[in-house]
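Reviewing the structure listed below.
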Amino acid sequence: MLRFFNTLTRKKEVFETIEDKIVKMYTCGPTVYDFAHIGNLRAYIFEDILHRFLEYSGWTVKRVMNITDIDDKTIAGAKKDGVSLNRFTEKYINAFFEDIRKLRIKIDNIIFSRATEHVPEMVSIIKILMEKGYAYKKENSIYFRISAFPGYGKLSHLDFSEIKTGASVDADEYEKESARDFVLWKGEKDDFSWDTEIGRGRPGWHIECSAMGMKYLGETFDMHTGGVDNIFPHHENEIAQCEMATGKPFVRYWLHCEHLLVNGEKMSKSKGNFYTLHSLLEKGADPVAIRYLLMTTHYRDPLNFTEKSLVQAKNTVDRWNDFYKRIKDARPDVKKNDSISKECIKAENTFREALEDDLNVSKALAGIFELMHFVNNSIAENNISHENLNEAGNLLEKVDYVLQILKPSGETIEPEILGLIEEREQARKTGDFSSADKIRNILREKGIILEDTPSGPRWKKTG
RNA sequence: GGCCAGGUAGCCAAGCGGCAAGGCAGCGGUCUGCAAAAUCGCUAUUCACCGGUUCAAUUCCGGUCCUGGCCUCCA
């Protein structure tokens with residue numbers, strides 16, 4: 001039984017979808033005005049684990065991720081570079097896909113929808129809101145009338161009766177009836193405009209997610225995710241405009257991912273603690289270790305990113321892969337040990353039940369670590385069969401559909417390296433250990449680590 | 001100021017009324033020609049602090065301190 005913490009009710013709730021075993025989910029994606037930082041990437045990894053686990057559990061996932069390629073920042077960037085909007089955002093869209101590919105975030109079975117390709121859909125929602133009297137036009141811009149929506153604030157749990165029109169609130173350059181009203185459509189100010197039935201201009205910030213979500217998932221859908229900072233105003237406003245346009249509930253479950261800190265502080269460019277995936281990889285970080293680190297803290301807890309914790313993550317990922325390679329390489333000649341099968345089932349149950357409980361990744365991993373411990377012990381005691389190893393290997397591969405931390409197996413090795421390994425083995429056999437150690441050091445410099453086992457030497461690559 | 005999340009060993013991190021999971025790092029033993037890997041053992045009388053409820057609290061209640069977030073365009 002799947003349970004998730006719903007921001008709307010502030011409670012963990014049993015997850016029940018509109019259609020049985022089908023999840024319609026909308027996940028907030030990037031605004032493509034800059035390279036993604038690791039805080040953004042944490043959110044995408046959270047969404048990836050969620051998506052993959054749902055599929056692992058037998059659900060059909062219908063998912064949309066937006067790419068916001070029109071807003072103040074993208075326009076400012078395009079102006080600054082003196083290029084078209086598309087030309088400007090293309091660079092960051094490509095970088096985004098490159099980043100998520102490296103972090104093994106899935107891209108198949110997801111509709112990536114671009115705001116600039118859905119302007120007509122946005123316009124039609126705005127038209128409906130105007131017809132119903134929930135939106136008004138002022139100086140060529142169109143605003144949503146918040147006083148028309150009694151449920152305003154139900155997601156963020158903010159009390160708007162107290163909000164005052166002050167310096168920070170009334171910062172908008174446009175005229176509106178109430179400081180709280182938000183803009184649906186911005187009247188033409190520059191070249192970045194569309195000609196539409198509601199005038200020439202461009203969409204406001206919140207309308208694109210509403211339009212794209214409802215276009216692909218329907219007027220009411222199951223799940224919407226994003227970072228906690230999106231709760232207000234972005235998601236609150238999405239609810240307001242959708243529910244007033246359709247008269248139906250917009251989204252059933254809202255899931256939000258906490259922020260990431262770096263060395264206990266908010267990440268910011270001025271503090272010099274701003275990490276992008278690119279900058280970490282340049283320092284030699286392993287993208288799989290980054291993925292592991294970003295997923296092991298529960299998504300609703302703040303995650304403190306440090307370089308030390310990244311080293312720890314790297315060691316853990318290496319151990320995980322060592323174990324996988326070990327059970328692939330072992331060639332035991334023993335009859336089947338039923339206790340291994342039982343441990344595999346136990347580990348899988350722990351894994352599944354932990355993730356079903358609001359994605360408790362740490363607990364899920366602990367279940368697999370316990371299995372590793374048990375299997376390693378059995379290998380040491382020579383009490384595990386080939387069949388048992390297959391069971392453990394299959395389980396590891398199965399959970400890795402969600403985790404994505406196993407390195408691809410079937411690494412190849414050059415013939416000359418293989419020759420060196422054989423040469424060293426001959427030296428060892430004749431007792432010439434100084435030659436053997438010399439060759440082992442040469443191999444180490446080439447990135448090959450040797451392990452002598454009863455059935456001969458075993459090699460692995462570093463890094 | 002209002003609202004929200006969090007503070008568990010050197011570090012990361014579960015648990016959330018009944019003797020404190022797991023991982024990384026460290027130390028000692030086994031194995032090994034030496035390593036590596038693996039393995040065994042050790043590493044929190046204590047869960048930010050102070051009160052309260054209870055037979056029993058890291059877990060519930062009240063207060064305090066610290067960290068971070070939101071309160072109109074930042075995942």
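Reminder, nothing fancy here: chain letters follow the sequence lines and each chain counts from 1.
In the set B:rC12, B:rG69, B:rG22, the nucleotide with an atom closest to the side chain of A:Glu370 is B:rG22. Checking B:rC73, B:rC70, B:rG22 against every side-chain atom of A:Ala366, the shortest atom distance belongs to B:rG22. Distance from the side chain of A:Asn230 is smallest to B:rA75 among B:rA37, B:rC34, B:rA75. For A:Asp452, taking side-chain heavy atoms from C-beta onward, the closest of the listed nucleotides B:rG22, B:rU39, B:rC34 is B:rC34. Comparing B:rA37, B:rG69, B:rC71 by their closest approach to the side chain of A:Pro233 singles out B:rC71.
Of the nucleotides present, B:rC66 is the one that pairs with B:rG6 by Watson-Crick or G-U wobble criteria, both distances under 3.5 Å. Base pairing analysis places B:rU43 opposite nothing; no Watson-Crick or G-U wobble pair with both distances below 3.5 Å involves it. Pair assignment for B:rC16: none, as no Watson-Crick or G-U wobble contacts are both less than 3.5 Å. Taking a pair to require two hydrogen-bonding distances under 3.5 Å in either a Watson-Crick or a G-U wobble arrangement, B:rG33 remains unpaired. Base pairing analysis places B:rG1 opposite B:rC71; the two distances defining the Watson-Crick or G-U wobble pair are each below 3.5 Å. A 3.5 Å limit on both hydrogen-bonding distances identifies no Watson-Crick or G-U partner for B:rA21. The nucleotide B:rG51 finds its pairing partner in B:rC61, both defining distances of the Watson-Crick or G-U wobble pair being shorter than 3.5 Å.
Residue A:Arg440 is classed as a base contact, given a heavy-atom separation below 4.0 Å to a base.
Side-chain atoms of A:Ser141 come within 3.5 Å of backbone N or O of A:Gly187 as a donor-acceptor pair. Side chain of A:Lys438 to main chain of A:Arg424: no donor-acceptor pair is present (N/O by atom type, distance under 3.5 Å, no hydrogens or angles).
For the pair A:Arg300 and A:Phe5, the cation-pi criterion (under 6.0 Å, within 45° of the ring axis) is fulfilled.
Remark: the separation of the C1' atoms in B:rU30 and B:rG22 is 24 Å, to the nearest Å.
A donor-acceptor contact under 3.5 Å links the side chain of A:Asp437 to the base of B:rG33. Judged by distance alone with a 3.5 Å cut-off, no donor-acceptor contact links the side chain of A:Gln312 to the base of B:rC12.
Stacking of A:Phe369 onto the six-membered ring of B:rG22 is not present when judged by under 5.5 angstrom between centres and under 30° between planes.
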